[in-house]
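Before any comments, here is the structure.
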Amino acid sequence: MATLKAVRGTRDLLPPETGLWNYVEATARAVFARYGFGEIRTPIFEDTALFARGVGEETDIVSKEMYTWQDRTRADSDSAQSLTLRPENTAGVVRAYIEHKLADTGMLQKLFYIGPQFRRERPQRGRYRQFWQIGAEVLGPAWSGADSALRDAEVLEMLSTFLNELGVKGWKLEVNSVGSSTDRPKYIAALREALAPVRDKMSADNQRRAETNPLRVLDSKDAGDQEIIDGLPKIADFLDDASKEHFGQVLAALDACGVAYTVNPRLVRGLDYYTRTTFEFTVPDGSGLGTQNALLGGGRYDGLSELLGGPKAPGIGFAIGEDRLILTLQAQEAMAKEQKLDAFVAPMGVERNAAALALAQELRRAGLSVEVGDGSFRLKKSFEAADKLARRMVIVGEDEVSSGILTVKDFSAGDQTKVPRAELASFLRA
RNA sequence: GCGGCUAUAGUUCAGUGGCAGAACGCCGCUCUGUGGCAGCGGAUGUCGUGGGUUCGAAACCCACUAGCCGCCCCA
């Protein structure tokens, strides 16, 4: 029988790496909490229509990358339901916002999520078919201030704080405005018009983009097409006064907070719902990501709620590629320090096993992290096992049990101390 | 989805047609109350899977699978 393996594009996360994942997630929770975010957990699968409408039929994500199936219990009936593993989480959050009538609280909603997403892409380093995103959304009725440029800047400032607290080095923030839901179509129309006469001169990829998603031509890497691209109309010239003012306020607030950024007029996002502010955080070459150097991305989506049949609820959000963040931290060795247990309890002889376990129980109740050896180990083996796992070793032999004075070996200092049992926990904590 | 590179021990890798290897790691012994050094010994394995060529294949050919690199796209 063929051995079973994790399917293409999926992987197992094991210790000690999961320690890093927990550290990243704990840091995210702690930072987000300081900004007033609460956690939301939405289903892993949703009605396919949610993504078709929310993310956009023509996007690659929806048109070719989703895991979609007909729900079996109703597959044979007329009401068979098409379900899809979520390829991103914003649509689910907005759906929940509408479904639970969060607008009626009148309050600004600040929600974050941490969870797996699914896209059927060709796997690569930093790109998996099941991947994790840490994301957040700020949305609410206009009177809650959800459309304020202040929110955009706050979210960006929070992200810079988060990355700095994790110790990510060399990150860069690029921002742009893609305009309101009325200026964007005008710009796309102008772009199509400008592309029509020069399309044939461009690469095959860009000819296809010019047809399907003209915005994407802008951030093409094709060197031969740069001259044409440079001559295309600029989105900045199509922003209405309100969008221009909004973008200016975002940048002013970033300046006031000391968050460094560059304006990249070619930064467009692939998902249809983005309006006004869009952004991306990247890391430098050599950060373990290759060309997948976008650590996180996001933007404003003022029309998404209405698109999904809900009330007007402007919002802004982001998604961090957690897998990529972990790869970056590993490459940058931000987590060099190895986590070791507080103590290894080494019984001398199997007849000391019970006493050793009882001692371990006592220490664990005192909040220490402890591993227990086995009395059948020779002392040398105990030393070797203990040195790998723990900072100190506690020897439980005949003398120690009878006297109540334990022998503690400190591996980093290399010395040995006799400690009365009553003081052991506090000694090990030091 | 497209193009390319790769797949050998737990890990990193060598091995261009003739007995399956090295280093590190692992286990044992010297050595059952003080390790890390040293010496000796041991196990590493369907050479990714399936087929083909050949007297003979880890090696050459084909297909598949998976990983990686570059596109596409995106986090």
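Below, chain A is the first sequence line, B the second, and so on; all start at residue 1.
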When you compare [N] with [M], how far apart are their [atom1] atoms, in angstrom units rounded to a whole number?
N: B/C13; M: B/G52; atom1: P; result: 32 Å
N: B/C72; M: B/G1; atom1: C1'; result: 8 Å
N: B/U16; M: B/C60; atom1: C1'; result: 9 Å
N: B/U44; M: B/G10; atom1: C1'; result: 9 Å
N: B/C47; M: B/C19; atom1: P; result: 15 Å

*Can A/Glu39 and A/Arg29 be counted as an ion pair, charged N to O under 4.0 angstrom?*
yes
_Is the ring pair A/Phe32/A/Phe37 parallel, tilted or perpendicular, if the boundaries are 30 and 60 degrees?_
tilted
Base, sugar-phosphate or nothing for [X]? Non-hydrogen atoms, less than 4.0 Å.
X: A/Arg120; value: sugar-phosphate
X: A/Leu295; value: sugar-phosphate
X: A/Thr407; value: base

*How many Å lie between CD on A/Glu400 and C1' on B/G33, as a whole number?*
8 Å
*When you look at A/Glu154 and A/Lys110, which way does the salt bridge (Lys or Arg N to Asp or Glu O under 4.0 Å) test go after all the steps?*
CA-CA 12 Å; A/Glu154 182 184 38; A/Lys110 294 176 116 176; 3.2 Å; yes
_I want to confirm an ordering. Mapping A/Glu88 and A/Gly375 to their closest nucleotides on RNA chain B, which one lands closer to the 5' end?_
A/Gly375
*5'-most contact on RNA chain B: A/Asp399 or A/Gly9, nearest heavy atom basis?*
A/Asp399
_Below the 4.0 Å mark, does B/G70 have OP1 or OP2 next to a side-chain nitrogen or oxygen of A/Gln124?_
yes
*Any side-chain N or O of A/Arg122 less than 4.0 Å from the OP1 or OP2 oxygen of B/C73?*
no
*Can A/Phe131 be called stacked on B/A75 when the rule is centres closer than 5.5 Å and an angle between planes below 30°?*
yes
*Stacked cation flag A/Arg392 on A/Phe427, 6.0 angstrom / 45 deg*: yes
